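Below: the structure, in structure tokens.
These figures come from a predicted structure and were not determined experimentally. Counting starts at 1 for both ligands and their atoms, following the listed order.
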Amino acid sequence: MNPLVPPGVYAPQEDTELLAGALFDETLPTDAEVLDVGTGTGALALEAARRGFRVTAVDVSRRAVWAARLNAARAGLPVRIRHGNLFEPVLGESFDLILANPPYVPAPGRARQPRGAARAWDAGDDGRLVVDRICREAPGLLRPGGVLLLVQSALSGPDLTVQHLRAAGLKAAVTRRRRIAFGPVVRGRERWLRERGLLATAENREELVVIRAELPV
Ligand SMILES: C[S@@+](CC[C@H](N)C(=O)[O-])C[C@H]1O[C@@H](n2cnc3c(N)ncnc32)[C@H](O)[C@@H]1O
């Protein structure tokens with residue numbers, strides 16, 4: 001069943017699909033605790049719940065929280081859905097798997113996350129406003145052996161993400177890549193991205209990557 005996507009909520013796209021594929025690579029006990037941070041429509045949280053995991057989902061957008069609750073109810077799946085900023089609603093808890101498809105598109109002149117629909121993709125001048133917070137905060141919420149799966153664009157420094165996660169003691173690597181055509185947001189910023197050297201080739205394609213980071217037992 002496809003999730004309902006109310007206006008202003010991020011419609012599942014190639015990044016969602018790439019991360020869902022990576023989720024299927026994970027072998028987890030059936031009682032595993034999964035966190036989907038930045039859940040949007042709840043698409044990834046519902047995939048995890050379908051596999052029988054105990055799932056919590058968080059989003060900073062009230063519309064997204066409403067949509068995810070609606071989609072979980074339509075699918076008849078028990079997902080605990082909380083409104084809040086990144087990990088704040090689940091502080092003190094721990095998880096076997098954290099899924100993150102955060103905002104990661106570099107945005108000219110933005111030092112903070114915007115309000116409204118763009119909060120789903122705009123992530124500061126370097127696209128790392130939220131990714132860097134995830135690198136700092138997610139390790140503290142993982143159980144020993146727990147895994148973070150994060151998707152981002154090559155436009156926002158996946159190598160840096162791997163470095164930060166390794167520096168935090170995790171075993172981190174890029175496990176999936178997919179080249180995709182520019183969406184409307186990147187197309188609208190193409191010139192600015194090229195001027196900053198963030199688009200290396202003349203192609204009208206960008207690369208999405210999944211980073212897998214595991215906390216050693
Ligand atoms: C790229 S969308 C991904 C949505 C969904 N997980 C998917 O894969 O289709 C990013 C989501 O993160 C949410 N978000 C952005 N900043 C956040 C923050 N600081 N804390 C929690 N959620 C955030 C947005 O509201 C949006 O729903």
Considering the heavy atoms of G84, write down every atom of ligand 1 situated less than 4.0 Å from one of them. 20 (N), 21 (C)
Verify whether one side chain among D126 and Y104 offers a donor that lies under 3.5 Å from an acceptor in the other. no
Using a 4.0 Å heavy-atom cut-off, which part of T39 comes near ligand 1: side chain, backbone, both, or neither? backbone
Before giving the answer on side chain to side chain contact (heavy atoms under 4.5 Å, CB included), spell out for R177 and V174 the whole-Å C-alpha distance, their side-chain angles and the decisive distance to 0.1 Å. CA-CA 8 Å; R177 295 176 187 272; V174 170; 3.9 Å; yes
Report, in ascending order of atom number, the atoms of ligand 1 lying under 4.0 Å from any heavy atom of G40. 4 (C), 27 (O)
In the protein, which heavy atom is nearest to atom 4 (C) of ligand 1, and how far is it? G38 O, 3.4 Å
State the atoms of ligand 1, each with its element, that fall below the 4.0 Å cut-off from a heavy-atom position in L44. 6 (N), 8 (O)
Just which atoms of ligand 1 are under 4.0 Å from any heavy atom in S61? 25 (O)
Hey, does A11 sit under 4.0 Å from ligand 1 if you only count heavy atoms? no
Return the closest protein heavy atom for atom 9 (O) of ligand 1 as residue, atom name and distance. T16 OG1, 2.9 Å
Which segment of A120 sits under 4.0 Å of ligand 1 when only heavy atoms are counted: both
For a salt bridge (charged side-chain N to carboxylate O under 4.0 Å, His left out) check, start with the C-alpha distance between R178 and E17, then their side-chain angles and the critical distance, and finish with the verdict. CA-CA 10 Å; R178 184 186 291 180; E17 206 181 294; 3.3 Å; yes
For atom 25 (O) of ligand 1, which protein heavy atom lies nearest, and how many Å away is it? D59 OD1, 2.6 Å
So which of L4, N2, V5 actually passes side-chain contact (heavy atoms from CB on, under 4.5 Å) with N71? L4
Side chain or backbone of Q113 under 4.0 Å from ligand 1, or both, or neither, by non-hydrogen atoms? side chain
Closest approach of any protein heavy atom to atom 20 (N) of ligand 1, naming residue and atom: L86 N, 2.7 Å
Per the salt bridge (charged side-chain N to carboxylate O under 4.0 Å, His left out) rule, what does the pair list look like for residues 58-72, sequence neighbours excluded? none
Proximal ligand 1 atoms for P12, defined as those under 4.0 Å from one of its heavy atoms: 9 (O)
Evaluate the criterion side chain to side chain contact (heavy atoms under 4.5 Å, CB included) for residue pair L19 and L23; output intermediate values, then yes/no. CA-CA 6 Å; L19 193 53; L23 163 66; over 6 Å; no
Starting from atom 23 (C) of ligand 1, find the nearest protein heavy-atom neighbour and note its residue, name and distance. V60 CG1, 3.4 Å
Any non-hydrogen atom of P103 lying under 4.0 Å from ligand 1? yes
Going through the distances and angles, do R128 and T161 end up as a side-chain hydrogen bond (donor to acceptor under 3.5 Å, both in side chains)? CA-CA 9 Å; R128 299 194 55 86; T161 306; 3.0 Å; yes
Return the closest protein heavy atom for atom 8 (O) of ligand 1 as residue, atom name and distance. N101 ND2, 2.8 Å
Considering heavy atoms of the protein only, find what lies nearest to atom 15 (C) of ligand 1 and give residue, atom and distance to 0.1 Å. R119 O, 3.4 Å
Salt bridge between R189 and D122, side-chain N to carboxylate O under 4.0 Å? yes
Determine, step by step, whether T56 and R80 satisfy the side-chain hydrogen bond (donor to acceptor under 3.5 Å, both in side chains) criterion, reporting the C-alpha distance in whole Å, the side-chain angles of both residues, the deciding distance to 0.1 Å, and the verdict. CA-CA 5 Å; T56 301; R80 186 172 68 126; 3.0 Å; yes
Atom 19 (N) of ligand 1: the protein heavy-atom neighbour that sits closest, reported with distance to 0.1 Å: N85 OD1, 2.8 Å
Out of curiosity, does V60 fall in the hydrophobic cluster containing I134 (side-chain heavy atoms, cut-off under 4.5 Å, transitive links)? no
Can a salt bridge be assigned to the pair E214 and R212 using a cut-off of 4.0 Å between side-chain N and carboxylate O? yes
